[in-house]
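These notes are about the structure you will find just below.
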Amino acid sequence: RLLGRPLDEAATEDLEEVLLRADVGVQTTERLLDKVRRAGADADLRAVLRDEMTAILEPVHVPFRPGEGIWVVLVVGVNGSGKTTTIGKLAARLKGEGRKVLLAAGDTFRAAAEQQLSTWADRAGVDILVLDEGADPGAVAYKALERAQAEGHDVVLVDTAGRLQTRKPLMEELGKIRRVLDKVHPGAPHETLLVLDGTMGQNGMSQATLFHEATPLTGVVVTKLDGTAKGGMILAISNELKLPVKLVGLGEKVGDLRDFDPKAFVDALL
Amino acid sequence: VLSRGFKNATLALQGKARLSEESLSPALREVRTSLLQADVELGVVKAFLAQVKEKSLGEIVPLKVAGQSIKLSPQDWFVKACYDELCELMGPVDTSLDLDGRPAVILMVGLQGSGKTTTSGKIAKMLAGEGKKPLLVAADIYRPAAVDQLQTLGRKIGVPVFHQPDTNPVELARLAVIQARNTGRDVVIVDTAGRLTVDEAMMQEVADIKATVQPKNVLFVVDAMIGQDAVRTAKAFDDRLDFTGFVLTKLDGDARGGAALSIKSVTGKPVKFLGQGEGMDGIEAFRPEGLAQRILG
Ligand SMILES: Nc1nc2c(ncn2[C@@H]2O[C@H](COP(=O)(O)OP(=O)(O)OP(=O)(O)O)[C@@H](O)[C@H]2O)c(=O)[nH]1
Ligand SMILES: Nc1nc2c(ncn2[C@@H]2O[C@H](COP(=O)(O)OP(=O)(O)OP(=O)(O)O)[C@@H](O)[C@H]2O)c(=O)[nH]1
Ligand SMILES: [Mg+2]
Ligand SMILES: [Mg+2]
């Protein structure tokens, strides 16, 4: 211990507990506390910690902002993380911003996945492309872009089936979907969002790493932060993979989607 | 110190060592890190290590395995003690369901996306395979196409699914039990909506379902990748519902599943089943050894 004074020791242990309980993880916690310990003897340890954490998140922070032309967003993540619901919310937001949105029902595998996304399309008042169950997700991607080009949609949100990052064939399928999108509309997908469940623990790093390898991610959505979990895993993910958290899910209703705010996130965690 | 040094030397000559504070502390540190990386909750980690340390301190252990040239260090002994303690803590194994009711009722609860609907299907298929006549109840009236999802699974496994439009979940459960009695179904599995423990109305709803149909089985379904929040969430569900056991899902991934230890040690409730895949066969009865190894890492 660098400081070695009993008072600082207790304060540091309290901070360690807060960080570990927030799912920040052992290594990132150690790294952050090292910085805190180097601070002056009379420094406000909590303020130093807050600055260090914000310094991890702010440099990589980029908001979600669809560009010109047909903006294609590919949404990926493990089972049950909140992809379909996030797409529904995002569709409503973009429609409200005057975009013409098309949803692509790329989960052709799970029971009632297409009905679920169709319901969200109705709620958001946007179009949706659905093929028969069991259709190839690449075919859905293809047809959706074709339709967007024909009918003048300027945002396409592509839903995919949940998949555990250790399933190689399923991860390769994502690479294939991405290639199809690029083939029909060069440059697509313009945004590839990894949806992470805010209640998850250390497995988040494995998810982000392996999904990023399968299809280069441009950002992260953290869902379910309206519960009691703090989502501290994203510090390690931002720090090591330089991935920005763009959006936050704060509930199950259509309006429950916010832009990520690094300062607010750190304050809530501490 | 001198006499202790002498005693240690004597033991070493005999191929033995006494597990001391010094020899244990690097091992303790290593196991603590591993358990935290496995998502075991911090308080549970501390209590666990204190317990194993207390049991191990002062123990005299052989540094050689009899008849083999394997050398063991005090640290190795400590890790073995941790493994044994983990197995013991996660047991005794009780994967039974109370199926005596007319009908027996199983209530499925948990956070959003944890795998309740899928697990309901798996359990229905498992019981049907054991000669039972299950009835699934689609009591999630909130999530888009949740009812469709369970009905699709029901068709797939040949199990009937009870649902009625414009009916609240408590009433759905109540009517389903009556339906089961009238149609000779002997197990009712109630799938409910995912809910947050801080959502008082939703926690009250599931408490009301329990009060109405008095299930002998309440299964808390939890995602193996859940982090430190596992304890807070499990405690809240347990305080409210006194669940009879829990199911850890998505263990076919690389999540370490430390929540199993956290939830068991804080609620005392047993792990009943492990979810091992998206298909209807992806479920198995809990065994401590595999999970203990996975958590210890
Ligand atoms: N409380 C809360 N629940 C959420 C949030 N986002 C999604 N959910 C819920 O999480 C559950 C899973 O959401 P889905 O959108 O089906 O997740 P998914 O990733 O598409 O799931 P799969 O397609 O099966 O992999 C649903 O019950 C959603 O209502 C959020 O921000 N907060
Ligand atoms: N790989 C894997 N996926 C699973 C397992 N159990 C469930 N899933 C998947 O996880 C996702 C969520 O499962 P659901 O059964 O919809 O979860 P839920 O708890 O009913 O979700 P809500 O009703 O929205 O709270 C789906 O994509 C399932 O196929 C499992 O053991 N392994
Ligand atoms: Mg989905
Ligand atoms: Mg469900």
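Chain letters run A, B, ... following the sequence lines, proteins first and then strands; every chain starts at 1. It should be emphasised that the depicted structure is a prediction, and the values quoted were computed from it without experimental measurement.
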CZ on B:R232 to CZ on A:R21, rounded to 0.5 Å: 8.0 Å
Report the option among B:G227, B:A236, B:A259 that has the most heavy-atom pairs separated by less than 4.5 Å from atoms of chain A. B:G227
From CG (B:D252) to CZ (A:R167), nearest 0.5 Å: 7.0 Å
How long is the straight-line distance from CG of A:D23 back to CG of B:D229, given to the nearest 0.5 Å? 7.5 Å
Most contacts with chain A, counted as non-hydrogen pairs under 4.5 angstrom, among B:D148, B:L42, B:T152: B:L42
Per-residue contact mode, B:Q151 against chain A (heavy atom under 4.5 angstrom): neither
Rounded distance [0.5 Å steps], OG1 in A:T228 versus CG in B:L111: 7.5 Å
Given B:R32 and A:E16, is the salt bridge (charged side-chain N to carboxylate O under 4.0 Å, His left out) satisfied, shown in steps? CA-CA 14 Å; B:R32 177 182 183 271; A:E16 182 189 41; 3.7 Å; yes
Look at B:A230, B:A145, B:G115, B:S114 and state which one has the largest set of heavy-atom pairs under 4.5 Å with chain A. B:A145
Using non-hydrogen atoms only, which part of B:T249 is less than 4.5 Å away from chain A: side chain, backbone, both, or neither? neither
So do the side chains of A:E17 and B:K46 get within less than 4.5 Å of each other, counting heavy atoms only? yes
Using a 4.5 angstrom heavy-atom cutoff, name the option from A:V78, A:T199, A:T223 with the most pairs to chain B. A:T199
Might you point out which heavy atoms bring A:L164 and B:G253 nearest each other, and give the distance in Å? CD1-N, 3.4 Å
Taking CD in B:Q204 as the centre, count heavy atoms belonging to other residues, nucleotides or ligands within less than 6.0 Å. Is the count above 12? yes
Minimum-distance pair of heavy atoms, taken over all atoms of A:D197 and B:Q112: OD2-O, 4.4 Å
Minimum heavy-atom distance B:V198-A:G227, with the two atoms named: CG2-CA, 4.5 Å
Which distance, rounded to the nearest 0.5 Å, do you find between the OG of A:S81 and the CE of B:M225? 6.5 Å
For the CE atom of A:M233 and the CD atom of B:Q228, what is their distance to the nearest 0.5 Å? 12.0 Å
Between the side chains of A:T166 and B:D254, does any donor sit under 3.5 Å from an acceptor? no
What are the two closest non-hydrogen atoms of A:N203 and B:D39, and how far apart are they? N-OD2, 4.2 Å
For the residue pair A:F109 and B:E278, what are the closest heavy atoms and their distance? CE2-OE1, 3.6 Å
Nearest heavy atoms of A:A111 and B:L153, plus distance in Å: CB-CD2, 4.0 Å
Quick check on B:R256 against chain A: is it the side chain, the backbone, both or neither that has a heavy atom closer than 4.5 Å? neither
Considering only heavy atoms, which portion of A:Q116 lies under 4.5 Å from any heavy atom of chain B: side chain, backbone, both, or neither? both
Quick check on the interface: out of A:E114, A:K230, A:Q115, A:Q27, who has the most heavy-atom pairs with chain B under 4.5 Å? A:Q115
With B:P144 as reference, evaluate A:T84, A:L117, A:T119 under the side chain to side chain contact (heavy atoms under 4.5 Å, CB included) test and give the passing residue. A:T119
